[in-house]
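Structure record follows, encoded as structure tokens.
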Amino acid sequence: MRKNIVVGNWKMNLNREEGIKLVEEVISLVSTDNNVEVVFSPSFLYLHKVNKMCANYNLLQTASQNISHNERGAFTGEVSSQMVNSLNVKYTILGHSERREYFNETNIELKQKVDLSLKNNLEIIFCCGESLNQRESGVHFDWIKQQLTESVFHLTEKEFEKIVIAYEPIWAIGTGVTASSDQAEEIHQFVRNVITEKYNENIAENTSILYGGSCNPTNAKELFSKKNIDGGLIGGASLNAENFTRIIKSF
Ligand code: PEP
């Protein structure tokens with residue numbers, strides 16, 4: 001059965017002390033037996049520390065926000081999947097729209113990152129989603145299918161079990177504009193259908209598909225009540241312990 005997951009993507013926010021305080025507060029507020037996997041995605045710098053803080057709780061996990069598309073070597077400033085795995089981190093986020101937009105990540109490069117992550121035992125939170133222009137011109141379904149086809153649909157069934165999909169409409173990220181629960185559900189259902197076509201119904205039913213884009217304590221319950229929405233990838237609202245915890249408790 002697929003899991004409910006809530007991921008906090010801190011992006012380039014919070015210093016070490018602030019991050020530690022946030023994790024301590026969330027741990028004290030959240031019940032660790034409520035069957036929701038909670039994933040913190042801090043800066044690489046604090047990933048080790050945050051991962052250690054979560055080590056005693058099965059339902060608390062961590063994710064890197066990215067990894068290099070190179071395996072190792074002379075790539076100054078890069079962090080490899082093998083390095084992240086050596087910290088016992090469970091996940092990496094890949095293909096966030098900010099990485100696609102500001103760092104020119106392509107579907108082909110993401111495919112390399114997907115392969116390296118799996119090779120180094122990292123599970124993947126794979127982001128996809130359309131711009132406002134694409135939605136308004138009606139190409140969003142094809143666009144999302146293409147993102148999946150070119151970056152993750154080469155995987156075997158066994159490998160695909162390590163993939164969590166995050167649908168993140170770009171127009172909703174950090175804008176305060178949320179996709180309506182019906183808009184989000186429509187895409188989640190579509191993604192599940194596309195996974196069924198590519199693999200089979202069993203795999204599709206077992207894949208967690210998260211929504212991301214201005215999800216907050218007020219709209220989370222409605223979003224998470226939808227049949228195909230299995231949780232959220234949360235940016236801004238994950239930086240405050242009370243807000244993040246309220247989202248976690250929204251199932
Ligand atoms: C994100 O960064 O993936 C995100 C969804 O951000 P926000 O919740 O701030 O829109």
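Numbering of ligands and ligand atoms starts at 1, following listing order.
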Could I get the full list of ring-ring contact (aromatic ring centres under 6.0 Å, His included) partners for Phe141, not counting sequence neighbours? Phe190
With a cut-off of 3.5 Å and sequence neighbours excluded, list every side-chain donor-acceptor pair involving residues 240-248.
residue, atom, partner, partner atom, Å
Asn240, OD1, Glu242, N, 3.0
Asn240, OD1, Asn243, N, 2.9
Thr245, OG1, Ala241, O, 2.6

Protein residues near ligand 1, heavy-atom distance below 4.0 Å? Asn9, Lys11, His96, Glu168, Ala172, Ile173, Gly174, Gly212, Gly213, Ser214, Leu233, Ile234, Gly235, Gly236
Taking ring-ring contact (aromatic ring centres under 6.0 Å, His included) as the test, write out the residues that go with Tyr46, two or more places apart. none
Would you please classify the geometry between the Phe153 ring and the Tyr199 ring as parallel, tilted or perpendicular, with 30° and 60° separating the classes? perpendicular
Hydrophobic cluster membership, Ile93 vs Val39, 4.5 Å side-chain cutoff: yes
Taking the basic N atoms (NZ, or NE/NH1/NH2) and the acidic carboxylate oxygens, is any pair closer than 4.0 Å for Glu168 and Arg100? no
